[in-house]
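Worksheet: one structure, shown below.
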Amino acid sequence: VVAQADESIRSGQVWLPMHWGKRFLGGRASEGVNTLTSPAVDPHSHQPELKHAAVKVAPASLPWRSVAFAEMDGATIAGVIAALHAAQDEVAFLCVVPAGRDRPGVLVRAANEGAPAQAWIERLDALLGLDAASVLRYDDPRRAHARRLRIAEGRLVAGRISGALDVVAAAEWLRHWLLAGEPVDAVRRFLLSPGGTESRARPGPDQGQARAWPGPARFVVASASG
Amino acid sequence: VDRVHQSRSVDAEPAGVRAALEAAELVVLQEAYADTETAPFADVLLPATSWAEKDGTVTNSERRISRVRAAVSAPGEARHDWQIACDFEGRCAPVNNRGQTRPGTGQVRTWTGPAPVLPRTFGTSIASPHAGATSTSPGSPGRSSSATGRSSGRIRWAPATELRGSMQTGASTRRAGGRASSPDGYRPVAEPVDARYPLRLTTGRLRDQWHGMSRTGTVAASSATHPSRASR
């Protein structure tokens with residue numbers, strides 16, 4: 001899983017969402033949260049001891065990362081989750097959850113030892129509506145870095161960032177435009193920049209969110225291949 | 001025939017349950033959703049009504065049995081749990097004590113409601129006088145006992161005569177001195193931390209997430225509290 005420090009967790013403890021199986025927290029290297037917990041059960045109620053297990057945390061070497069999000073009709077979410085579930089063994093780690101309260105969609109996080117098969121990536125793009133001709137594309141095959149962004153009515157409605165951890169982190173600012181649904185005209189020329197954006201020049205309306213952006217971003221003029 | 005409770009499902013205890021389901025010669029799954037993690041193991045999937053569709057009872061983890069009635073009609077071929085259980089029983093061939101099967105009676109019970117089933121299952125009746133003593137169940141949508149004239153109270157399984165000590169008094173769920181007490185007293189954790197495994201892992205629910213998320217996991221609006229990353 002992707003670990004994150006959290007002040008609300010007592011020192012010496014780690015927390016995971018209860019019962020998350022391979023449907024939401026899967027991939028080839030994952031059997032779900034409850035493979036980590038103890039099989040011990042209460043002698044009377046037979047409830048499993050899911051609230052305490054002794055564990056260690058070690059780094060996983062999964063240099064290829066991908067983050068993707070797409071708005072979609074709420075009724076189609078279950079089907080997209082099921083389709084990705086069926087193809088999850090192509091990557092070592094795959095977390096697929098619905099996201100977005102006002103504008104429903106699916107959020108995908110994947111990690112793997114290297115870039116997965118191109119067919120798997122194309123399948124992901126197709127499920128998220130990122131395979132249309134109008135989708136903005138950036139590819140740097142040498143670094144396995146790719147961006148796919150779909151804009152509809154001036155808003156960013158779907159996107160995928162794939163590559164090394166640093167390029168995915170550098171694109172984290174795009175999430176604001178995906179989730180907030182604001183017009184992207186002001187940042188359109190940065191959308192395919194493999195670095196970041198000039199966050200100080202154009203902070204989002206939500207100042208708290210703007211301060212949380214990674215930065216200062218290295219700004220590199222993109223030579224988008226498509 | 002064994003029933004796999006949700007907390008002991010493929011999500012909850014993957015290794016043991018997976019092995020058992022793979023070894024079973026016949027898996028009959030009674031389930032409200034066809035895409036749960038348990039569903040691929042099923043030879044027969046019997047669609048069941050869920051909350052707000054269901055006529056029957058719900059038993060929570062403190063054994064409290066609530067009467068629930070349908071507020072909306074059942075979708076598709078979904079049926080109530082008691083209907084499925086009765087039909088299933090009627091179609092099973094009886095097995096004698098040497099493991100030999102006798103021809104099934106072929107007789108399907110013709111219950112018309114859940115009430116006759118309850119005494120068989122729980123050894124008590126939902127319609128017994130003490131059942132109506134408690135308030136309207138929060139699980140019975142849009143109905144109250146005064147409006148319908150029917151009992152919609154909650155009772156606690158099992159009756160006092162079947163359990164000993166503190167189990168039926170509710171003491172088992174009370175906390176004393178920060179420790180949950182049980183009929184056997186305090187027990188240490190099954191897996192103490194040590195030098196090799198020095199961290200304590202606990203698992204918990206997100207605000208709008210329910211167990212294996214067969215329902216909540218497909219609704220974007222219930223994911224508002226999902227952390228942006230899978231752990232915290």
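Numbers restart at 1 for each chain; the letters A, B, ... are given by sequence-line order, proteins then strands. All figures in this text were calculated on a predicted structure; none of them were measured in a lab.
Looking at every heavy atom in both residues, B:Ala190 comes nearest to A:Ser38 through CB-OG, 3.8 Å. Residues B:Glu191 and A:Glu49 approach most closely at N-OE2, 4.5 Å, considering heavy atoms.
Formation of a donor-acceptor pair under 3.5 Å by the B:Thr202 side chain with backbone atoms of A:Lys51 is found in this model.
Heavy atoms of other residues, nucleotides or ligands lying less than 6.0 angstrom from CZ of A:Arg123 number 12 at most.
Listed options B:Thr203, B:Asp194, B:Val189 were ranked by heavy-atom pairs under 4.5 angstrom with chain A; first place goes to B:Thr203. When each of A:His52, A:His85, A:Arg10 is checked for heavy-atom pairs under 4.5 Å with chain B, A:His52 comes out on top.
For A:Val57, the parts lying under 4.5 angstrom from a heavy atom of chain B are both the backbone and the side chain. Using a 4.5 Å cut-off between heavy atoms, A:Ala82 does not touch chain B at all.
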